[in-house]
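In what follows, a single structure is set out as structure tokens and then discussed.
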Amino acid sequence: MLDALVAELDLEQKVRLLTGGTFWGTHAEPSVGLRSMLMSDGPSGVRGEHWDERDPSLNLPSASAMAATWDVAFAERYGAVLAAQARAKGVHAVLGPTINLHRSPLGGRHFECFSEDPLLSGALAVGFVRGVQRHGVAAVPKHFVANESETDRYTADVRADERTLREVYLAPFEMAVREGGAWAVMSAYNSVNGATMSENDLLRDPLSAEWGFAGPVVSDWTAVHSTEASALAGQDLVMPGPDGPWGAALVEAVRAGRVPEAVIDEKVRRILWLAAKVGALGEETVAPTTPPPDGGFAREAAAAGMVLVRNRDELPWPSAGPRSIAVIGQAAEVARTQGGGSARVVPLALVPPLQGLREALPATEIRYEGGAVITDGPLPLPLHTLTNPVTGEPGVRARFLDADGNEVAAEDRLSTDLLWFGGGPEPGGRSGSVGRDELAGRSGSVGRGKPAVTLELSTRYRPETTGRTHIGVASVGRSTVFVDDAVALEADLTDPDAILGAGLFAPPSTSAPVHLTADRPVLLRVVHDLTSRAGGRTSSVSLSFGLEVRADDEDAEIARAAEAARTAEVAVVVVGTTARVESEGVDRTSLALPGRQDELVRAVAAANPRTVVVVNAGAPVLMPWRDEVAAILLTWFPGQDFGHALADVLLGVAEPGGRLPTTWPADEADVPVLSTRPVDGALDYAEGVHVGHRGWLRAGREPAYPFGHGLGYTTWRFDDLVVPESVDAGGPLPVTVRVTNTGARTGRQVVQVYLSRPETEIDRPVRWLAGFAVVRAEAGETVEVNVEVGARALAHWDGAWRYEPGAFLVHAGASSTDLPLTGKVEAK
Ligand code: BGC
């Protein structure tokens, strides 16, 4: 049936379908009943077509938080919630999950990836994909393949041998495609073994040929640079559109016989196949989905991923809570619910820790002290302090002006942190993707058709305090900030990666001192020269302005925080990373917490033995004070309901059910693979299959907290590991364990099974994760747990999947280093 539709189209029509129609959408072809398909980031929420605070999205925990549940069924629920949001926003395909691995903890998109382990990543990807697709929305696992870091991300050439690719980096994609049944896959920016991924043979084999992938390979945004090489390689869809390297050039290449028309037909068939799956072909066949969710899942999910790594009888608190709490740390107020970059959504509502604790404990005396400043750059101004000078309503007027100063388009916005991602505003107020053409002066629909060259933002701002402060702007290019028509700041900021990287998502900033008086409004106007952006590109613009938080005397602030801790019953210090530190487009330069947060924790812990540290980071950070505090709770980027979930966990309403999906180092020097910096363009995955905990075990080094670790609120005993005496090559290995909850509370445990080979001809990991299962048990209860170890866990790649006969040891327990039970199985 699809072939018949393909046959109805001429070459131009077919090739047109192979490049996006817009920045986020595919082309429609009404003659065959094909509608445009809208794609959206994600993947911890669904942003929809516009990056716009007037159309917010449910902001779920980021991938590392979700992965900490180790729960495939949970990942499936998570996917279903995303699907509901996608359908509510008219989105056909969610650009995720991101299933690259945590190769180095410095990776800038670590928060957006699940785990350092291929099996855990792949299993969660399967759940995620199934959950999304069950509701007729496509999941698009990305970035295929070996996109583990951000440094030189468009050009880095990953060198990895076949076995490493198969066993480690391709493995999660294989599971997402074969078991999850993913309807589309996104190819990566980077190269692998000399060929950029949109031109790489891996797209055909194993992805399609071996794994039977039937959908389209969508490019990463702007990744495709060639016509023939990419078209011949198995790249199916070039994004974004409407321009790109295919179009007329590809039609010509087909006419000249350099690209067979059958290659084009196959791509079109794959796109039509996807369209049929998501209800964009012919009649709407997709079943109605569940209604858009409320925030309840966000709260549950945030708590489920929190990992308690240390607890000296401090948590949970009794249900009434402590009499008094000193809540310390800027992150308690300016919390990070998600990482930076394309994954960001505008949350529906955001509950920081301080607010969550105050709401949960109305009778507790809560004193807040910032202690150490971590934000770097201007913070958006609160909406209630802003008046749009045109409408008189709360907000900001944004105008795009042409070279004659005429208004090309205008919008009334509700934030001073704005981003037009692949589309400026539509004339008449509402933002839309058509604006991209208008801003570039390509469309006749706006009178003069001249391009916008200036973005002007204005608002009447009512300061809440009196005194000297710093007004700042963050954007690539030239901006001038006026306060009541006087120039307060002239900024000229550059960033080489301004197109879709850090320059857009975490732009450089600058500030200047101003004196403001409480309740005396000033007119703030920011004039930004769009032509000064890298390459003069105006289709994606980010600009944010506001006041910078600066500590005039940080010693005194830390001392004040310690004093607050000394006089309170307990202290909660929230520490974390910032938007600059964990974001797409850049790798981290250090694992240390930014600013003086380590000093702050130490000062507070010295003042109050009952200090709980809450770590708000999407990736591992160093915690040199970890033995000096009563408890440490890792929250990752927990999504919009952070504060409520945190209160639930501290009060024992919810258990911190998470287990580490990645190793947390004590020291940078110990990390087996740290650098993400290509050498002469190449990033050598020289460690081979020894990634993550496997690398730690091989090096014989002890991290702060091992892979799989997490305490929860009860204790456990593992007994009676049962494994068969022998297993057939290519057959599954059933494992059973009896697990007893030896504590006083109902709890949740993740039973982890690892394999090792005492004698082998192959360079194997010391041991490797082979299976896992989530178990719940009441106090005193014993549960028999079945863990199915898949055949693949016993295989290795040597030109094909092979099985080495001989004895495998089977280890079961609660983390990669806490494995009390060992059994033995003979592989035939
Ligand atoms: C990112 C992708 C994302 C795309 C669209 C790219 O820069 O690497 O993950 O889906 O942009 O925003």
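As the structure is a prediction and not an experimental result, all values here were calculated from the model. Each ligand, and each atom within it, is numbered from 1 in the order the structure gives.
- Within a 6.0 Å sphere centred on CG of D201, heavy atoms belonging to other residues, nucleotides or ligands number 12 at most.
- The distance from ligand 1 to the heavy atoms of W24 drops below 4.0 Å at these ligand atoms: 5 (C), 12 (O).
- For the pair H50 and W24, the minimum side-chain heavy-atom distance is 4.5 Å or more.
- For the pair R109 and ligand 1, a heavy-atom separation below 4.0 Å is found.
- Within ligand 1, the atoms closer than 4.0 Å to a non-hydrogen atom of D220 are 1 (C), 2 (C), 3 (C), 4 (C), 6 (C), 7 (O), 8 (O), 11 (O), numbered from 1 in the order shown.
- A donor-acceptor pair under 3.5 Å links the side-chain atoms of T416 to the main chain of F545, judged by distance alone.
- A heavy-atom separation below 4.0 Å is not found between F505 and ligand 1.
- For the pair R130 (side chain) and A182 (backbone), a donor-acceptor distance under 3.5 Å is absent.
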Walk me through whether K89 and E49 qualify under salt bridge (Lys or Arg N to Asp or Glu O under 4.0 Å).
CA-CA 8 Å; K89 289 202 171 210; E49 195 169 4; over 6 Å; no
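- The contact set between ligand 1 and E584, taken as ligand atoms under 4.0 Å from a residue heavy atom, comprises 1 (C), 6 (C), 7 (O), 8 (O).
- Rounding to the nearest 0.5 Å places OG1 of T635 at 4.5 Å from CG of N616.
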Let's go through R159 and D684 carefully: what are the C-alpha distance in whole Å and the side-chain angles of both, what is the deciding distance for salt bridge (Lys or Arg N to Asp or Glu O under 4.0 Å) to 0.1 Å, and is it a yes or a no?
CA-CA 5 Å; R159 303 282 166 81; D684 193 357; over 6 Å; no
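- The shortest distance between side-chain heavy atoms of Y189 and T222 falls below 4.5 Å.
- Near M186, meaning under 4.0 Å from any of its heavy atoms, are these atoms of ligand 1: 10 (O).
- Taking a cut-off of under 4.0 Å to the non-hydrogen atoms of H143, the atoms of ligand 1 that pass are 2 (C), 8 (O), 9 (O).
- Short contacts between ligand 1 and K142, defined as distances under 4.0 Å to a heavy atom of the residue, involve ligand atoms 2 (C), 3 (C), 9 (O), 10 (O).
- Not a single heavy atom of M39 sits under 4.0 Å from any atom of ligand 1.
- For ligand 1, the atoms lying closer than 4.0 Å to a non-hydrogen atom of R153 are 7 (O), 8 (O).
- Which parts of ligand 1 touch F421 is read off a 4.0 Å heavy-atom cut-off, strictly below it: atoms 12 (O).
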